[in-house]
Amino acid sequence: ATHLRHQALLAGHGTAGDRVAALRQASSALSWDSTGAFPDDCLLAAELLGAGLSRCVSIGHPALWDSHSENELYQNNLWEETFLGLRLLTEALADAPGRSGGSLADETVVVVMSEMGRSPALNANNGKDHWPYASLMLWGPGVRGGRAYGGYDEAFRGAPMDLQGGGVAAEGAPLGCVGLGATLLKLGGVDPGDWVPTEDPLDALIEG
């Protein structure tokens with residue numbers, strides 16, 4: 001067993017060395033230009049995916065969405081910038097060649113989400129406070145799109161849902177972050193049972 005672990009460590013070290021060499025070579029070929037604005041980061045992400053440097057890229061919106069006052073004033077421009085970036089990302093993925101003959105958009109799942117939501121009602125300062133329920137957008141290969149999954153109750157709390165049908169169901173449970181992780185693993189061809197055996201994926205969202 002010790003010998004096998006040693007071989008695995010050597011193989012991992014070799015793979016890491018190859019990746020470092022590829023990154024150094026690519027560092028001079030890629031522009032790496034970004035002003036730090038969300039649309040620029042989206043274009044850089046598409047470039048990095050297209051160069052094969054990563055299979056997963058995470059982009060954080062640089063602006064502060066924590067609008068506890070004057071929600072409309074602060075968030076309207078942020079939404080405009082967000083959707084501009086997502087449009088540019090989608091176009092860049094569609095224009096970039098993929099590894100299996102199609103475009104990079106045919107091989108990339110895009111997830112747009114936040115770690116929390118905003119309260120459905122305005123507070124006394126015309127702002128919105130923290131809320132434990134949020135929505136997300138998801139599209140790409142294997143995703144059964146064009147519809148909404150789940151829903152909210154009368155108080156805008158996440159309603160229980162049927163993971164097989166995708167609709168609200170009294171006997172179901174709200175989709176949480178671990179369930180979303182299981183769903184993304186399955187979309188990526190990974191058995192979620194090996195990583196999150198206590199959670200079922202949202203099978204209604206997955207084609208096939």
- Do S119 and D129 get their side chains close enough for a donor-acceptor pair, meaning under 3.5 Å? no
- Could you give the distance from NZ (K128) to OG (S69), rounded to the nearest 0.5 Å? 14.0 Å
- Rounded to the nearest 0.5 angstrom, the CG-CD1 distance for L44 and I59 is 8.0 Å
- Least distance between heavy atoms, A182 atom then P192 atom: O-CB, 3.6 Å
- Ring geometry between H61 and W65 (parallel below 30°, tilted from 30 to 60°, perpendicular above 60°): perpendicular
Counting only N and O atoms by type, is there a donor-acceptor contact under 3.5 Å from the side chain of [X] to the main-chain atoms of [Y]?
X: W131; Y: R157; answer: no
X: D162; Y: Q164; answer: yes
X: E81; Y: P39; answer: no
X: D40; Y: A37; answer: no
X: T183; Y: L202; answer: yes

- Quick one: ring pair (Phe, Tyr, Trp, His ring centres under 6.0 Å) partners of H130, sequence neighbours excluded? H68
- Query: Can Y152 and V168 be said to form a side chain to side chain contact (heavy atoms under 4.5 Å, CB included), step by step?
  - Reply: CA-CA 8 Å; Y152 293 89; V168 173; over 6 Å; no
- Item | Residues which pass side-chain hydrogen bond (donor to acceptor under 3.5 Å, both in side chains) with E70, listed by chain and number, not counting sequence neighbours | none
- Output, in order, the C-alpha distance, side-chain angles, deciding distance and verdict of side chain to side chain contact (heavy atoms under 4.5 Å, CB included) for L138 and L184. CA-CA 10 Å; L138 192 148; L184 295 178; 3.6 Å; yes
